[in-house]
Amino acid sequence: MYDIIKEKRMEWKSVLFVTLFFCCTIYAQNKSLEKRFYKHDKYLSSDKLEGRFPGTKGNNEAAAYIKKYFQKYDLKSFNGNYYQPFKVFVKEGINKMPSDTVQTQNVVGYIEGSDSQLKNEFIVIGAHYDHWGWGGIGSSSKKKDTVAIHNGADDNASGVSALLCILEKVSKLKVKPKRSIIFVSFSGEEEGLIGSKYFVNHLAVPKEAVKVMLNMDMVGRLNAEKQLYMGGAGTFPEGVVLMKKLGEKSGLNPVVNAGDVGGSDHVAFYKAGISAVGFHTGGHPQYHTPEDDIDLINFKGGALISKYIYNALITIANYSQPLYFINQDKK
């Protein structure tokens, strides 16, 4: 009898040890992701980059930072170049600049899918990295009379931080998803989705091969209710069901809209007949002001959101059923 009790105790100790080890591993992974999110956001929203306005040194340095991580995590480039250059017209007074046409760039790379057939289909995940620089008259700053650096820690250093955190997780997969994944960071979003429109109009792959686009714009201010808002979940089959299912045990409360596509870069895809979902954590008083800084970023929330969107990306890239566009405007 004593031997049986002793054996049971050993079994329980083993179970307890495995459980504690698992919990500690998850905790360590979460902490690491939080640190990564914070690190990326801190650099991209630093005064050094002066608000990342297109055509400026700060914008180019932000692009170079993103490119560095695209290379580090083994993304392939299209035509041997991670940059997709294009031009933006700058109105008089914005960012202390005269009226001029400047050059900027999207940063683009991809991971090839593991399935011999489905790798010819592409899922796009993106986030814009540009912001309003020093603001000024003619910009969309909420404080046009204040000439100061608009660091855009939430808009949209947070989205790029999530993009890079997701890329890191994808790069560590031993077996890559079935479909190929394009990672893209857009410039020129603030001036009217110029970068994403250019990307859609100059695709490096056939348009019909691009099945779903996931976009992150302002995901750094998760509220106390843990609400992650999204529009466009109904633009691909079973999208609403999937997004709600992924919310279970995620630590988030996803607010899932089938339509209500929104106003960020994913709209360029939606208007081109490509399924598109936009993620954000809501507006706030610091939106488009010099006060949108790193000290207000919820980096723990950013890590949770990165994990959620990573799970969505991988699930969609491995979808067993065909992916096709569902127009929400006609519903």
Item to complete: Verify the ring-centre separation between Tyr43 and Tyr65: is it less than 6.0 angstrom?
Response: yes
Worksheet item: So do the side chains of Ile326 and Phe236 get within less than 4.5 Å of each other, counting heavy atoms only?
Response: no
Fill in: Val147 reachable from Met97 in the ILVMFWY side-chain graph, under 4.5 Å edges
no
Give every donor-acceptor pair under 3.5 Å between a side-chain atom in residues 212-221 and any protein atom, sequence neighbours left out.
from	atom 1	to	atom 2	distance (Å)
Asn215	ND2	Ser264	OG	3.0
Asn215	ND2	His266	ND1	3.2
Asp217	OD1	His128	NE2	3.4
Asp217	OD2	His128	NE2	3.4
Asp217	OD2	Ser264	OG	2.6
Arg221	NE	Leu296	O	3.3
Arg221	NH1	His284	ND1	3.3
Arg221	NH1	Gln286	OE1	3.3
Arg221	NH2	Gln286	OE1	2.9

Worksheet item: Is the His202-Phe86 ring centre distance short of 6.0 angstrom?
Response: no
Worksheet item: Measuring from Glu168:CD to Ser306:OG, what's the distance to the nearest 0.5 Å?
Response: 10.5 Å
Practice prompt. Test Glu112 against Lys76 for salt bridge (charged side-chain N to carboxylate O under 4.0 Å, His left out), laying out the working first.
Written response: CA-CA 8 Å; Glu112 188 174 50; Lys76 296 181 179 181; 3.5 Å; yes
Discussion item. Among residues at least two apart in sequence or on other chains, which ones pass side chain to side chain donor-acceptor pair (under 3.5 Å) with Tyr38?
Written reply: none
Response to the item:
Between Leu193 and Gly263 the two heavy atoms that sit nearest each other are CD2-O, 3.8 Å
Worksheet item: Are any of the side-chain heavy atoms of Tyr73 and Phe183 separated by less than 4.5 Å?
Response: no
Worksheet item: Is Glu225 atom CD crowded by more than 12 heavy atoms from other residues, nucleotides or ligands, each under 6.0 Å away?
Response: yes
Item to complete: Answer with yes or no whether the hydrophobic clustering places Val200 together with Tyr110; edges join I, L, V, M, F, W, Y residues whose side-chain heavy atoms lie under 4.5 Å apart.
Response: yes
Discussion item. We want to know whether Ser196 and Asp265 form a side-chain donor-acceptor pair, criterion being a heavy-atom distance below 3.5 angstrom.
Written reply: yes
Worksheet entry | Close side-chain approach of Thr104 and Tyr129, heavy atoms under 4.5 Å | yes
Worksheet item: Do Lys67's NZ or CZ and the ring of Tyr82 fall within the cation-pi criteria of under 6.0 Å and 45°?
Response: no
Worksheet entry | Trace of the ring-ring contact (aromatic ring centres under 6.0 Å, His included) decision for Tyr270 with Phe325 | CA-CA 9 Å; Tyr270 180 75; Phe325 176 69; 5.4 Å; yes
Practice prompt. Could you walk me through whether Ser171 and Asp74 pass side chain to side chain donor-acceptor pair (under 3.5 Å), step by step?
Written response: CA-CA 7 Å; Ser171 73; Asp74 298 322; over 6 Å; no
Response to the item:
Contacts satisfying side-chain hydrogen bond (donor to acceptor under 3.5 Å, both in side chains) that involve residues 226-239 (not counting sequence neighbours) are Asn223-Gln227, Gln227-Tyr229
Discussion item. Has Lys300 got a side-chain atom pairing as donor or acceptor with Lys31's backbone, closer than 3.5 angstrom?
Written reply: no
Practice prompt. Tell me yes or no: between the side chains of Asp154 and Ser158, is some donor less than 3.5 Å from an acceptor?
Written response: yes
Worksheet item: Taking atom types as modelled and ignoring hydrogens, do the side chains of Asn151 and Asp292 form a donor-acceptor contact shorter than 3.5 angstrom?
Response: no
Item to complete: Supply the atom-to-atom distance Met243 CE to Leu228 CG, rounded to the nearest 0.5 angstrom.
Response: 9.0 Å
Worksheet entry | Reported CG-to-CG distance for the pair Asp130 and Asp155, which is rounded to 0.5 angstrom | 8.5 Å
Discussion item. My understanding is that only residues two or more places apart in sequence, or in another chain, count here; which of them pass side chain to side chain donor-acceptor pair (under 3.5 Å) with Lys119?
Written reply: none
Worksheet item: Are Ile316 and Ile111 co-members of a hydrophobic cluster defined by side-chain heavy atoms under 4.5 Å apart?
Response: yes
Worksheet item: Under the side chain to side chain donor-acceptor pair (under 3.5 Å) test, which residues partner Glu248, sequence neighbours left out?
Response: Lys245
Worksheet item: Roughly how far, to the nearest 0.5 Å, is the OG atom of Ser185 from the CD1 atom of Ile125?
Response: 11.0 Å
Practice prompt. Just do the salt bridge (charged side-chain N to carboxylate O under 4.0 Å, His left out) check on Arg179 and Glu121 with the steps written out, would you?
Written response: CA-CA 6 Å; Arg179 291 176 176 84; Glu121 296 183 1; 2.8 Å; yes
Worksheet entry | Check: Leu75 and Tyr69 side chains under 4.5 Å, non-hydrogen atoms | no
Worksheet entry | salt bridge (charged side-chain N to carboxylate O under 4.0 Å, His left out) against Glu50, all qualifying residues, sequence neighbours excluded | none
Fill in: Point-to-point distance, once rounded to the nearest 0.5 Å, from OG of Ser139 to NE2 of His288
8.5 Å
Item to complete: Could you verify whether a donor N or O on one side chain and an acceptor N or O on the other, from Ser141 and His150, lie under 3.5 Å apart?
Response: yes
